[in-house]
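Letters go in sequence order (proteins before strands), and every chain restarts at 1. What you are looking at is a predicted structure, and each value in this text was computed from that prediction instead of being measured.
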Amino acid sequence: MKGTASPGRDGMGSKILRELVGSPSSLIGLVICVVVVFLAIFGPLVTSQDPYDLSKLNIMDNRLPPGSVGIDGAVYVLGTDGQGRDMVSAMIYGLRTSLLVGILTTALAMVIGTTMGLLAAYKGGWVDTIIMRLVDLILGFPMMLLALILLAALGPGIDKVILALVAVQWAFYARTIRGTALSEMNREYIEAARCLALSERRIIFRHLLVNCLPPVIVISTIKVAGAISAEATLSFLGLGVPITKPSLGLLISNGYRYLLSGSYWISIFPGILLMLTIFGINIVGDRLKEVLNPRLQENKAVE
Amino acid sequence: MLVFILRRLIQSVVVIFLVSILVFIGVFSIGNPADILIPAEASQMERDAAIKSLGLDKPMYEQYFIFLSNAMKGDLGRSFVFNQPTISLITARMPATLELAFCALFLSLVIGIPLGMIAGYKANSLLDRTIMTGSILGFSAPTFWTAILLIMVFAVGLHWLPPSGRGQLGKILGITTSLATWDGIRHLVLPVTSLSLFKISLVTRLTRSGIRETLPMDFVKYARAKGLRKSRIVFVHVFRNVLIPIVTVVGMELGSLIAFGVVTETIYAWPGTGKLLIDSITRLDRPMIVAWLMITVMLFIVINLVVDLSYSLIDPRIRLQRKKS
Amino acid sequence: MMQDQSVLAVEGLRSHFFTRAGVVKAVDGVSLHVARGEILGIAGESGSGKSVTAFSILKLVDPPGRVIAGRVDFGGQDLLSCDEESIRRIRGKRIAMIFQDPMMTLNPLMSIADQMVESIKAHERTTRAAALARCAATLEKVGIPDAARRLLAYPHQFSGGMRQRVAIAIALLHKPDLIIADEPTTALDVTIQGQILHEMRQLCDELGMALIWISHDLAVLGNLCDRINVMYAGRVVEAGRAEDLLERPVHPYTRGLVGSVPGNSRRGQELTQIPGMPPNMLDLPDGCAFRPRCPRSGDECAMEIGVRVLGDGREYRCLHPHLESGK
């Protein structure tokens, strides 16, 4: 391929795509991601009912096994839950919530963490000390535990979940960005920018940022999966999203009550969808990491 | 060496003090325990008396100082709900939690290291790719979900293993543990498996990348040039170097095993500290939460110290640095 | 020729690296021989295939590299057709190696004693105490004082020179027939380098070992070696007795190398420089690989050039050798 591809963004993009489609496992991951995102965006158009509209539910249809036909003739492909809700519809709406939390959390954490990391690296001195001690403190504890305590204090709610997860995840970006930024600071182009007397903001955001960001973006794909998983766990424990807008984790939790009595589908199907989603994102993220930055430490991306 | 430990201990005291402030402020913002603990039909008089006896009438800083001075004497307060000293409640449940965490850690090392070594040595083979894809699957499944799945299959479906509880205990070397009885082991299998699945993936990936980094090193080729047997090269020369990142991560992960134990213990009704924490959070048992967090922090500090000490067992460069300081 | 008393005779060795970018012919038809007790120098720029030749002899070439042809005759046995266990018994025991960077070759996590004892135990059954005594004695021999105590130390506690002495001691443990040293003094100070060269010469005489000393530094080889082979782009371009070769280099490349060594040029004479860049190993020219940089080359040099022999036993591959007498 050498010689034909232009060094521009198109060349890079098509190279990445080719690598992703290249191996069977990453192709599977990519397909899962595309389908999941498609379902989350257009899902409400294809679902047979709005699972949050209680007036549409028929309690007579509760806990029907997969493939049953309801009283009013509706077919429940994956069965119904304890309130007679169509599982397919509930899952697609749950997926929306899960993805929303995952993506929003990661984006916010990345923005905050990146800003803090750049600040710490550029300013140095006590700013650096305070930010990094805080980062050390946060990263010294398991993420789940901190989020759990924070949520206990904040109470349930999608915004609260996102807030709690962002509060623990930003530290990771701050540390990574600071490290890269510190090594970038010694490069000539920063020196040059300073000599030109460009404003600090311009140097930090226009010059330093663009050079530190690529590895962080790669890591963030895997972090989306982590956030989805964390949200599901918190919701399962009853500390996450409210009952009125269940995520996949809360659906599993709801179904868990019926598990021992044999109504496995209420819990299992959302669980499979959740796992597939996380699996797909992880596979793609893992592959991206390999393709774009082979020197990146594997253990960093997992945690 | 002694100086090193001493310095670390002093640092730890400072950390514990700072954390205690943070924890206290944090826990204070969780609802008002009076609303939950005092029955709604209680009169205002009874209500005031109850609030007073719980010490909830004093301002926060005062409550903190009372807590702090008691803590110095080794008293972390009484549980609102159980009306017992929190420390004894936690220490009574700690063995169950630690048992779960250590068994899961053991399993993740025993399975993860060999898998990682195979994958590392056979890099890019079909076997390697299978193991690596499997490991992604492993850390894609949230712990609570694998726990449910395992119950579904092995307890509800196949009736092979009990779905919950701790089973019969026995004594090994004076330690009370489930491992001493067959029934206890049967109860351990599912929670330990679900808790360790994520860690197995982590250890596998870590070992693999360690091997990949170590194999091209000159000393490996030199060991071959010396005519050493392959087994010695693999298990002594390469393995020692791979061990360093594994020890680091294992230390951190032991902490998270205890934290994730919260989830596993809840699902399997395992009588450990994690379940105690969740119950305390839902019942706003403030002293319980504070005590739990303080004890967990101390546990983390001890684990980190042990990890640091074990570095020097593996890496002579660190050992000697310390001797000097 | 001295083939009949050779400890080691390499014939037509080819080791290629099959990389994504293409095939690198790191070693492409190397023949050399070392007599008992002889010190052979291999000279050449980095990338000329010196190290790969050394690794190929002991079958230590790692993928994507592979030995694809040749014979390595050692005591009547072809090492290249040995199975893994037979070659293992020879490595370290009868042919020992010393690597370039002593910082990287000793395992940082193991004591010197462990790394020496394992080397003995790989080939012999002895007690640890006996092995340790032998290690201490060998360390003393290479000039490490207080050996019994130093054995307990770790590599990072030694200076670069001392570490390389440890590596030499490990090589000497089994009194091998041949030691292959791959740029062993390149990473060291000049003064220490001088000491080690002197000691190696003595040890070889004393123990009757043959030695292959690989270096890019002709001055070092001139001081140490009986004979020198000069390699360029995976081939031996000139081979002969050390003083002959340094005094009257025949191949234009050797001549360039000799001219760029300060000690060899007469006072007042300018140091010469070989023009051009080292060859791209992925894309070598036909025939003589030195052709693009050679002042004497012509179109005929694109042909395959065989080995020619001079009266003093000198071998070279060149169509336009410097055969005129004097410089």
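Counting heavy atoms from C-beta on, the side chains of Leu277(B) and Leu148(A) come closer than 4.5 Å. Inter-residue side-chain proximity for Arg205(B) and Asp286(A) is flagged as met; some heavy-atom pair is nearer than 4.5 Å. Between Phe236(A) and Thr266(B) the shortest side-chain heavy-atom distance does not fall below 4.5 Å.
To the nearest 0.5 Å, atoms CG (Leu137(B)) and CE (Met275(A)) are separated by 5.0 Å. The distance from atom CD1 of Ile136(B) to atom CD1 of Ile283(A), rounded to the nearest 0.5 Å, is 4.0 Å. In this structure, the separation between CD1 on Ile148(B) and OG on Ser253(A) is 7.5 Å, given to the nearest 0.5 Å. Considering OG of Ser229(A) and CH2 of Trp145(B), their distance stands at 12.5 Å, rounded to 0.5 Å.
With a 4.5 Å cut-off on non-hydrogen atoms, Thr296(B) touches chain A through its side chain but not through its backbone. Only the side chain of Leu293(B) has a heavy atom closer than 4.5 Å to any heavy atom of chain A. With a 4.5 angstrom heavy-atom cutoff, Ile272(A) touches chain B via backbone and side-chain atoms both. Neither the backbone nor the side chain of Ala225(A) comes within contact range of chain B, judged by heavy atoms closer than 4.5 Å. With a 4.5 angstrom heavy-atom cutoff, Leu274(A) touches chain B only via side-chain atoms.
Nearest heavy atoms, Ser140(B) versus Ile278(A): O-CG2, 3.4 Å.
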**Message:** Walk me through whether Ile28(A) and Thr133(B) qualify under side chain to side chain contact (heavy atoms under 4.5 Å, CB included).
**Reply:** CA-CA 11 Å; Ile28(A) 293 172; Thr133(B) 308; over 6 Å; no
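Annotation: side-chain contact (heavy atoms from CB on, under 4.5 Å) contacts of Thr221(A) (sequence neighbours excluded): Leu288(A). Under the side chain to side chain donor-acceptor pair (under 3.5 Å) criterion, Ser98(A) pairs with no residue, sequence neighbours left out.
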